[in-house]
Amino acid sequence: MHTDPELLCDTVQRNCHISDAHHAANFTLCIYLLKMREYYRWEMGYPFGLAMPKEELGSWLSEREQLWETLEEQAYTPLQIDGHCLDPFDTEQINRALTPKGYVYSGGIGPRSTPHFFLAKLEKEIDYHGFTVLISARECARDLTAPPAMALGKTIFIRRESLRRMIWEKVQEWRWNRNENAMGRALSYYDFDTDLNQALDQMTESELRSVTLHEIGEVMAGEYLGETWSEMLISLPHSKVEIMCRAVRDHLADTLSTLPKLLEHKDPASLHFYMANLSAMRRDLFPGFVEAYKIWSDSNRLDALQKVVEQGRNHWLNVARELLEIHRRHGENCMPHLETLIHSNRL
């Protein structure tokens, strides 16, 4: 029995809608509307740079919200593949069946326990230092939030289409003010004003490596910290402390993998883009990196960046392990102690 790609895509998209029905309201109104606009662009196939019809967009948004209302009580649908009924979260088994057919799938849990699903054409599968990297091309099913990369065990999923879309959104945001900042410096390496699509393709290709390196760092951080880290995050309410803990983990991942490789390759566009995408919280917790970046940007000297990245590797690992110990000792009363520890260990 053969798999019907169209039916499979419809099933995955239904699961995406069910997830969105439960979690789309978690965004602020502004972020929600921006995401919905780009979701509409993807669904309707509008090219980047083309203004979308406001009336049609508004009607589509209302219809999508009405659809979500009908799905709020629905369970996720199993996937029918080659006569087998597979749990939509059994990503490993699903991909064993789909990758030989030229497809890649992921069903997993993201931040704030939000399920994410996608189905796409498989562009290529590569082995990268013991990790299996699955790079997807055109996506036929996705949810409102489409993270460019994710990891499951030793498998890393890189979504070229979602990464390209994310870069487009960053370009649009920067163009509002065209500030002389890290994002402007990163974009200056590509000719966005003359040939938008070629520039997007070139930058996406370059940044595929960076997002792969970050996901490898996440896996490495998980090997150091174990499952207790995820258990700690799940136990924390959505709060400043949770964001701080996630920032610590991201710094650990990047000092283990992303930054050492970016510095080794001496890729200025990717280093600028990395800095441009650091959240305010991550900048606040790692002021030494921000200062070292400024030194490099002004003088092209990498020594300060190399030094602070080397320091950060052990520093963030020790902080993360201390956070786990505090959570173990204090349980549900741990939050003020976690915040105090992180604040006192800015690097």
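For Y190 and F273, the ring centers sit 6.0 Å or farther from each other.
S206 places no side-chain N or O within donor-acceptor distance of the main-chain N or O of Q202, the cut-off being under 3.5 Å. A donor-acceptor pair under 3.5 Å links the side-chain atoms of R41 to the main chain of L50, judged by distance alone. Although no hydrogens or angles enter the test, the distance criterion places no donor-acceptor pair under 3.5 Å between the side chain of N95 and the main chain of V104. A donor-acceptor contact shorter than 3.5 Å is absent between the side chain of N15 and the backbone of Y76. In this structure a side-chain-to-backbone donor-acceptor pair under 3.5 Å is missing from H327 to L323. In this structure, S257 contributes its side chain and A253 its backbone to no donor-acceptor pair below 3.5 Å. Put simply, the side chain of S188 gets close to the backbone of R185: a donor and an acceptor are under 3.5 Å apart. In this structure, Y189 contributes its side chain and M203 its backbone to no donor-acceptor pair below 3.5 Å. Of the possible polar contacts, none joining the T132 side chain to the T155 backbone as a donor-acceptor pair under 3.5 Å is found. Although no hydrogens or angles enter the test, the distance criterion places a donor-acceptor pair under 3.5 Å between the side chain of H22 and the main chain of E72.
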Does E264 form a salt bridge (Lys or Arg N to Asp or Glu O under 4.0 Å) with K261? I'd like the steps, not just the answer.
CA-CA 5 Å; E264 178 184 327; K261 286 296 183 181; 3.6 Å; yes
For D20 and K35, what are the C-alpha separation, side-chain angles and deciding distance, and is it a salt bridge (Lys or Arg N to Asp or Glu O under 4.0 Å)?
CA-CA 12 Å; D20 289 337; K35 285 184 174 295; over 6 Å; no
For T258 and E218, what are the C-alpha separation, side-chain angles and deciding distance, and is it a side chain to side chain contact (heavy atoms under 4.5 Å, CB included)?
CA-CA 10 Å; T258 317; E218 287 284 354; over 6 Å; no
Run L163 and R160 through side chain to side chain contact (heavy atoms under 4.5 Å, CB included) and show every step you take.
CA-CA 5 Å; L163 177 59; R160 179 185 291 274; 5.7 Å; no
Start with the C-alpha distance between E325 and R321, add both sets of side-chain angles, then the distance that settles salt bridge (Lys or Arg N to Asp or Glu O under 4.0 Å), and finish with yes or no.
CA-CA 6 Å; E325 178 59 21; R321 284 174 168 168; over 6 Å; no
Could you walk me through whether D127 and K154 pass salt bridge (Lys or Arg N to Asp or Glu O under 4.0 Å), step by step?
CA-CA 10 Å; D127 181 74; K154 288 281 190 176; over 6 Å; no
Does the pair H343 and M244 meet the rule for a side chain to side chain contact (heavy atoms under 4.5 Å, CB included), with working shown?
CA-CA 9 Å; H343 267 308; M244 294 173 76; 3.9 Å; yes
Step by step, work out the side chain to side chain contact (heavy atoms under 4.5 Å, CB included) result for W168 and L196.
CA-CA 9 Å; W168 157 251; L196 172 63; 3.7 Å; yes
When the side chains of residues 133-143 are checked against the rest of the protein, which donor-acceptor pairs come out under 3.5 Å, sequence neighbours left out?
unit_1 : atom_1 : unit_2 : atom_2 : d
S136   : OG     : I158   : O      : 3.4
E139   : OE1    : R159   : NH2    : 3.0
E139   : OE1    : S162   : OG     : 3.4
E139   : OE2    : R159   : NE     : 3.0
E139   : OE2    : S162   : OG     : 2.9
R142   : NH2    : L144   : O      : 3.0
D143   : OD2    : F117   : N      : 3.0

Just distance, no hydrogens or angles: give the donor-acceptor pairs under 3.5 Å from side chains in residues 225-233, sequence neighbours left out.
unit_1 : atom_1 : unit_2 : atom_2 : d
T228   : OG1    : L225   : O      : 3.3

Below 3.5 Å, can you tabulate the donor-acceptor pairs from side chains in residues 311-319 to any protein atom, sequence neighbours excluded?
unit_1 : atom_1 : unit_2 : atom_2 : d
R313   : NE     : T255   : O      : 3.2
H315   : NE2    : N345   : O      : 2.7
N318   : ND2    : N314   : O      : 3.1

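Here E322 contributes atom CD and L341 contributes atom CG; the two are 5.0 Å apart, rounded to the nearest 0.5 Å. Rounding to the nearest 0.5 Å places CD of E207 at 10.5 Å from OG1 of T212. Rounded to the nearest 0.5 angstrom, I167 CD1 and Q172 CD are separated by 13.5 Å. Rounding to the nearest 0.5 Å gives a distance of 7.5 Å between CG of D250 and OG of S279.
In this structure, the side chain to side chain donor-acceptor pair (under 3.5 Å) partners of H272, at least two apart in sequence or on a different chain, are Y293. Among residues two or more places apart in sequence or in another chain, the salt bridge (charged side-chain N to carboxylate O under 4.0 Å, His left out) test is passed with D90 by none.
Residues P147 and H116 approach most closely at CD-ND1, 4.3 Å, considering heavy atoms. Here the shortest heavy-atom pairing between C245 and L236 reads SG-CD1, 4.1 Å. Of all non-hydrogen atoms in T91 and Y105, the two that sit nearest each other are CG2-O, 3.4 Å. Counting all heavy atoms, side chain and backbone alike, A97 lies closest to I81 at CB-CG2, 3.7 Å. Nearest approach of S19 to P115, heavy atoms of both residues: OG-O, 2.7 Å. The two residues G184 and N181 have their closest heavy-atom pair at N-OD1, 2.9 Å.
In the hydrophobic clustering, where aliphatic and aromatic side chains (Ile, Leu, Val, Met, Phe, Trp, Tyr) are joined below 4.5 Å either directly or transitively, W176 stands alone.
Hydrophobic clustering of Ile, Leu, Val, Met, Phe, Trp and Tyr side chains at less than 4.5 Å, counting indirect connections, keeps F157 apart from L98. In terms of hydrophobic clustering, with Ile, Leu, Val, Met, Phe, Trp and Tyr side chains grouped at heavy-atom distances under 4.5 Å, L122 and Y103 are assigned to different clusters. M150 and M166 fall into different hydrophobic clusters, where Ile, Leu, Val, Met, Phe, Trp and Tyr are joined by side-chain heavy atoms under 4.5 Å apart, directly or via other members. Put simply, L252 and F289 are part of the same group of oily side chains (I, L, V, M, F, W, Y) that touch within less than 4.5 Å, one to the next. Residues W42 and W68 fall within the same hydrophobic cluster, defined by Ile, Leu, Val, Met, Phe, Trp and Tyr side chains chained together at heavy-atom separations under 4.5 Å.
Side-chain contact annotation: R282 with N277, donor-acceptor N/O pair under 3.5 Å absent.
Contact annotation: the side chain of L67 approaches that of T70 to within less than 4.5 Å [non-hydrogen atoms, C-beta and beyond].
A salt bridge links R96 and E92; the closest N-O separation between the charged side-chain nitrogens and carboxylate oxygens is under 4.0 Å.
For R301, the CZ atom is loosely surrounded, since the number of other residues' heavy atoms within 6.0 Å does not exceed 12. The 12-atom threshold is not exceeded at CD of E6, counting heavy atoms of other residues, nucleotides or ligands nearer than 6.0 Å.
Geometrically, R64 engages Y39 in a cation-pi contact defined by less than 6.0 Å to the ring centre and at most 45° from the axis.
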